[in-house]
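In what follows, a single structure is set out as structure tokens and then discussed.
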2 protein chains.
Amino acid sequence: MTVQEVLNVMSEKGLRITEQRKTLAELFVNTTSQLTAKQVHSFLSQTYSGLSFDTVYRNLRVLTEMNVLEQFVFEDGMKFKLHCSSEEHHHHLICLQCEKTFPLHYCPMEEVKHLSHDFEPVKHKFEVFGYCKDCK
Amino acid sequence: MTVQEVLNVMSEKGLRITEQRKTLAELFVNTTSQLTAKQVHSFLSQTYSGLSFDTVYRNLRVLTEMNVLEQFVFEDGMKFKLHCSSEEHHHHLICLQCEKTFPLHYCPMEEVKHLSHDFEPVKHKFEVFGYCKDCK
DNA sequence: TTTTATGCAAAAGTTTTGCACTGAC
DNA sequence: GTCAGTGCAAAACTTTTGCATAAAA
């Protein structure tokens, strides 16, 4: 997904394109790792010195609601990344060192459905943490 | 795991057995769902009216550190449950209605190891949410 | 010009910390 | 009697909300 595509989605949904939002879009398009609100704020602060946290939170929330970003829960708080455009359902390998994410085109739910007859699965979380080929 | 076994672990590690901690042990031994600090506080408050939140948090942390409890991260905060005594590595089916958990003796990591040669897995999260046979 | 986005200030929610006092051993 | 546990108060941290002003369309 390009910066322009992200901005188009925002426009189509009636959002206004501010300088901050452009930079925010660039940040997420160029990052494969999952970012905390704090990290996003730090990054944007380099350009917009008076940037407030509430604006960051508001934009992260709005972008998550319109499916541009995806939200994940971790021990150290919520993290955000660009919503995977891949048509196919998949999961992620997440590097503990560089924090980059790599798509894993495998889902264990087929197997689970065979094993759990008394339970009706609705959703699931599956994430693998470890070291990528550059970091291991 | 029985209440007495939990208390024994606490004693062995040098913790003192207070009335509150006895009740806390009973709560977790009798609950298969994952509880938030808030829920634990509510429950214990029924018996100990002046109960403070910091004591609840302290005890949850101490019990987690000595592996009596297990900690999970969710959208609505940390949750705790008795550490699974099962020898075998497993995951959980979690009911969205009654919040009970059911062991799932299946782990997708064997499959993942075959698929991801460039990535060295260290740990993983796998949880299935849905409706149990009583709730569906 | 109209309406949305932003910054500021403050609040709400969760978790942690320091300290004096109480209670377990 | 000694040391750990508790309650209280306050702080730290993350996220949210209300309102006046600034900026996008």
Side-chain angles (χ1 to χ4, degrees), chain A residues 3-4 6-27 34-66 68-80, chain B residues 3-4 6-27 34-66 68-80:
Chain A
V3 173
Q4 195 50 54
V6 172
L7 297 179
N8 286 346
V9 173
M10 295 172 77
S11 271
E12 282 161 20
K13 305 246 179 159
L15 293 192
R16 291 177 178 182
I17 308 305
T18 64
E19 287 304 309
Q20 277 184 35
R21 284 179 172 168
K22 274 186 204 164
T23 313
L24 191 66
E26 284 163 17
L27 171 60
Q34 297 167 326
L35 302 172
T36 62
K38 213 171 173 178
Q39 289 172 312
V40 172
H41 183 265
S42 298
F43 179 84
L44 293 183
S45 290
Q46 293 169 16
T47 314
Y48 310 98
S49 60
L51 182 68
S52 60
F53 256 105
D54 43 68
T55 302
V56 171
Y57 278 111
R58 262 186 298 238
N59 282 328
L60 290 175
R61 185 141 52 104
V62 166
L63 288 176
T64 304
E65 280 164 6
M66 56 183 52
V68 169
L69 296 183
E70 226 173 329
Q71 210 180 27
F72 301 84
V73 196
F74 287 100
E75 284 74 5
D76 53 336
M78 292 290 185
K79 295 193 185 182
F80 298 83
Chain B
V3 173
Q4 195 50 55
V6 172
L7 297 178
N8 286 347
V9 174
M10 294 172 76
S11 270
E12 283 161 18
K13 306 244 179 161
L15 293 193
R16 292 177 178 179
I17 308 306
T18 64
E19 287 304 310
Q20 275 185 36
R21 283 178 172 169
K22 274 186 204 164
T23 313
L24 191 66
E26 284 164 18
L27 171 60
Q34 297 166 325
L35 303 171
T36 61
K38 212 172 174 178
Q39 289 172 312
V40 172
H41 183 265
S42 298
F43 179 83
L44 293 183
S45 291
Q46 293 170 15
T47 314
Y48 311 97
S49 59
L51 182 68
S52 59
F53 256 104
D54 41 68
T55 301
V56 171
Y57 278 111
R58 262 186 298 239
N59 281 329
L60 290 174
R61 185 141 51 108
V62 166
L63 288 176
T64 304
E65 280 164 5
M66 56 184 52
V68 170
L69 296 182
E70 225 173 330
Q71 210 181 29
F72 301 84
V73 197
F74 287 100
E75 283 75 5
D76 53 337
M78 293 289 185
K79 295 193 183 180
F80 298 83

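Here the structure is a predicted model, which means the values were calculated and not measured. Chain naming here is simple, since letters A, B, ... match the order of the sequence lines and numbering starts at 1 in each. Excluded from the calculations below are hydrogen atoms, water molecules and symmetry mates; all remaining heavy atoms, backbone and side chain alike, are included.
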Return the residues of residues 53-62 of chain B meeting this criterion: a heavy atom under 4.0 Å from some atom of DNA chain D. Order them by number, or give none.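 Within residues 53-62 of chain B, the residues near DNA chain D are B/D54, B/T55, B/R58, B/N59.
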
For B/I17 and for B/M78, find the nucleotide of DNA chain C with the closest heavy atom, then tell me which residue's nucleotide is more 5'.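 Between the two, 5'-proximity favours B/M78.
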
Give the rounded distance in Å between these two atoms: [atom1] of [X] and [atom2] of [N].
{"X": "B/F80", "N": "C/dT14", "atom1": "CZ", "atom2": "P", "value": "13 Å"}
{"X": "B/E65", "N": "C/dT16", "atom1": "CD", "atom2": "C1'", "value": "13 Å"}
{"X": "A/K79", "N": "D/dT15", "atom1": "NZ", "atom2": "P", "value": "12 Å"}
{"X": "A/L35", "N": "D/dT14", "atom1": "CG", "atom2": "P", "value": "15 Å"}
{"X": "B/R21", "N": "C/dT22", "atom1": "CZ", "atom2": "P", "value": "19 Å"}
{"X": "A/M66", "N": "C/dT4", "atom1": "CE", "atom2": "P", "value": "12 Å"}
{"X": "B/Q39", "N": "C/dT15", "atom1": "CD", "atom2": "P", "value": "12 Å"}
{"X": "B/E75", "N": "D/dT16", "atom1": "CD", "atom2": "P", "value": "13 Å"}

Please compare A/E19 and B/G14 by the position of their nearest nucleotide in DNA chain D and report the one closer to 5'.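 Residue closer to the 5' terminus by nearest nucleotide: B/G14.
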
Quick one: do B/F80 and B/T64 satisfy side-chain contact (heavy atoms from CB on, under 4.5 Å)? Show the steps, please. CA-CA 8 Å; B/F80 298 83; B/T64 304; 3.4 Å; yes

Measure the CG-CD distance between B/L24 and B/E19 for me, rounded to the nearest 0.5 Å.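 Going from the CG atom of B/L24 to the CD atom of B/E19 covers 12.5 Å.
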
Cation-pi check, A/K79 to A/F72: give yes when NZ or CZ is under 6.0 Å from the six-membered ring centre and within 45° of the ring axis, no otherwise.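 That pair does not qualify as a cation-pi contact.
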
Check the pair A/L27, A/L35 against side-chain contact (heavy atoms from CB on, under 4.5 Å), reporting the backbone distance first and the verdict last. CA-CA 10 Å; A/L27 171 60; A/L35 302 172; 3.9 Å; yes

Could you check whether B/S52 gets within reach of a base, just the sugar-phosphate, or nothing at all, counting any heavy atom under 4.0 Å?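 It contacts base atoms.
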
What closest approach, in Å, do B/Y48 and B/T23 show between heavy atoms, and which atom pair accounts for it?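 Heavy atoms of B/Y48 and B/T23 come nearest at OH-OG1, 2.5 Å.
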
Have A/S52 and A/T55 got a donor and an acceptor in their side chains that come within less than 3.5 Å?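 Looking only at side-chain atoms, A/T55 and A/S52 do form a donor-acceptor pair, the distance falling under 3.5 Å.
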
With a cut-off of less than 4.0 Å, is there a side-chain N or O of A/Q20 near OP1 or OP2 of C/dA5?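 No.
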
Does B/T18 have a side-chain nitrogen or oxygen under 4.0 Å from the phosphate oxygens OP1 or OP2 of D/dT6?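 Answer yes for this pair, as a side-chain N or O of B/T18 is under 4.0 Å from OP1 or OP2.
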
Candidates D/dT14, D/dG7, C/dT6 - which lies nearest the side chain of A/K38: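 Nucleotide nearest to A/K38's side chain: D/dT14.
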
Qualifying residue for side-chain contact (heavy atoms from CB on, under 4.5 Å) with B/H41, from B/L51, B/L60, B/T36: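 It is B/L51, the one option of B/L51, B/L60, B/T36 that forms the side-chain contact (heavy atoms from CB on, under 4.5 Å) with B/H41.
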
